[in-house]
Asks: 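After the structure tokens below, expect a handful of questions from me.
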Amino acid sequence: MKPYRIPQLAKKYVDYDMIQTHTELPPYPDARVHLLYIFLNQGSRKPSVHTELLALVTSLVQIGIDTHETIDTIQGKQNEGEMRSRQLKVLAGDYFSSRFYQLLSQKGQIEAVSTLSAAICDVNILKMNLYGKMKSLLLSAEEYLRQRVQLNMQLFLSFTPFLDDSLKELWKSLLRGFSECETVVREMQLSSGSEPFLYSYSFWHILDVASDEDKLALKENRVEPKDWKKMLLKYKAGEHLADKLQQAVNSVQSILKMVKGDGMFREIGQVLDPFLRQLNTPGSAVGEGLARG
């Protein structure tokens, strides 16, 4: 099997000076992409020379979806920098999402085009259902996180029919575990901001457990940055997220222990290493979350 190099291949499409200068892209979904690459290489029903291509275009679609999700919906006047950042996110998300059509069609991968197109529709349906509940404030923190994980799995789940039957359940279990790891790390990054963020686990966690007075302030959007930071500390949002990451890592480790002895699974273990380092590195997103908790 070729060495894993999908992030390097993706740089050609995501590293643009204008984007880096004027806005920020969401994190690259490396764990999910690496896992997909391993399973397509070693567990596919129809071994293909296009495994790298399939993993690459899936990562571009995911980045496109994630980039669109970072577009703010603030009404009113924005300064020039904010407007440019917003415009670039719209254009970049469209660009990343559209490249998969071109790259796959050039190689005649029509089945993969159909697979990913259907998966994008599924993602959008799940996202609209989630947003409807969020807008109505009818969501618990656990339900929010569960749906976020499902959203982050959906594109990758679409490749399940490509795999040998004997590996499908293992693939789905590991995909869920790694999706949980990436989702929680992203939530920790989102929660480190200075303002209450409706699209973050910390918001919903605090809304679950806060005093009536704090809940009302959140619901009515009357929380100043300094008050938000106090709430994060008071309700131990960082500590809860660190616990969630530990649980997700433990889940993946338990699965790998049951299937150890195969070279394929040793490589999967390497995919987990960045999350283990984050759990044990002071100053990381997890370390900061623990400090806040």
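Note that this is a predicted model, so its numbers are computed, not measured.
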Asks: Pairs in or reaching into residues 146-155: which pass salt bridge (charged side-chain N to carboxylate O under 4.0 Å, His left out), with residues at least two apart or in two chains?
Replies: Glu69-Arg148, Glu143-Arg146

Asks: When you compare the side chains of Tyr201 and Glu142, does any donor N or O come within less than 3.5 Å of an acceptor on the partner?
Replies: yes

Asks: Can you check side-chain contact (heavy atoms from CB on, under 4.5 Å) on Glu187 and Ser202, steps first, answer last?
Replies: CA-CA 8 Å; Glu187 289 296 325; Ser202 292; over 6 Å; no

Asks: Gln102: which residues meet the side chain to side chain contact (heavy atoms under 4.5 Å, CB included) condition with it, sequence neighbours left out?
Replies: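 Scan of Gln102 (side chain to side chain contact (heavy atoms under 4.5 Å, CB included), adjacent residues dropped) gives Arg99, Gln106.
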
Asks: Side chains of Tyr4 and Asp30: any donor to acceptor distance under 3.5 Å?
Replies: yes

Asks: So, Asp208 and Ser140: side-chain donor and acceptor under 3.5 Å apart, yes or no?
Replies: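 Short answer, no.
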
Asks: Which residues pass the side chain to side chain contact (heavy atoms under 4.5 Å, CB included) test with Asp15, not counting sequence neighbours?
Replies: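 Result, side chain to side chain contact (heavy atoms under 4.5 Å, CB included) vs Asp15: Lys11, Gln20.
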
Asks: His34 and Gln270: side-chain donor and acceptor closer than 3.5 Å?
Replies: no

Asks: Got Lys2 and Asn41 here, is their nearest side-chain heavy-atom distance under 4.5 Å?
Replies: no

Asks: Go through it in stages, so that I can follow the logic: the residues are Gln246 and Asn250, the test is side-chain contact (heavy atoms from CB on, under 4.5 Å), and I'd like the CA-CA distance, side-chain angles, deciding distance and then a yes or no.
Replies: CA-CA 6 Å; Gln246 184 67 70; Asn250 290 346; 3.0 Å; yes

Asks: Can a side-chain donor-acceptor contact be found between Ser59 and Tyr28 if the only test is distance below 3.5 angstrom?
Replies: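 There is such a pair (donor and acceptor under 3.5 Å, judged by atom type) between the side chains of Tyr28 and Ser59.
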
Asks: Ignoring hydrogens and angles, write down the donor-acceptor pairs under 3.5 Å from the side chains of residues 110-122, residues two or more places apart or on other chains.
Replies:
| unit_1 | atom_1 | unit_2 | atom_2 | d |
| --- | --- | --- | --- | --- |
| Thr115 | OG1 | Glu111 | O | 2.9 |
| Ser117 | OG | Val113 | O | 2.7 |

Asks: What ring pair (Phe, Tyr, Trp, His ring centres under 6.0 Å) pairs are there with at least one residue in residues 152-178, not counting sequence neighbours?
Replies: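 Qualifying pairs, neighbours excluded: Phe39-Trp171, Phe159-Phe162.
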
Asks: If we count only N and O atoms by modelled type, under 3.5 Å, do the side chains of Gln62 and Asp66 hold a donor and an acceptor together?
Replies: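 A pair is found: one side chain offers a donor N or O, the other an acceptor, under 3.5 Å apart.
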
Asks: Is the CD atom of Glu213 crowded by more than 12 outside heavy atoms at less than 6.0 Å?
Replies: no

Asks: Determine which pairs satisfy salt bridge (charged side-chain N to carboxylate O under 4.0 Å, His left out) with at least one residue from residues 156-167, sequence neighbours left out, and list them in order.
Replies: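 Only Asp165-Lys168 qualify under salt bridge (charged side-chain N to carboxylate O under 4.0 Å, His left out).
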
Asks: I'd like to know if the side chain of Gln189 and the backbone of Val184 have a donor-acceptor N/O pair within less than 3.5 Å.
Replies: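 Side chain of Gln189 to backbone of Val184: no pair is present.
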
Asks: Given Glu220 and Arg222, is the salt bridge (Lys or Arg N to Asp or Glu O under 4.0 Å) satisfied, shown in steps?
Replies: CA-CA 6 Å; Glu220 295 181 352; Arg222 294 188 286 103; 2.6 Å; yes

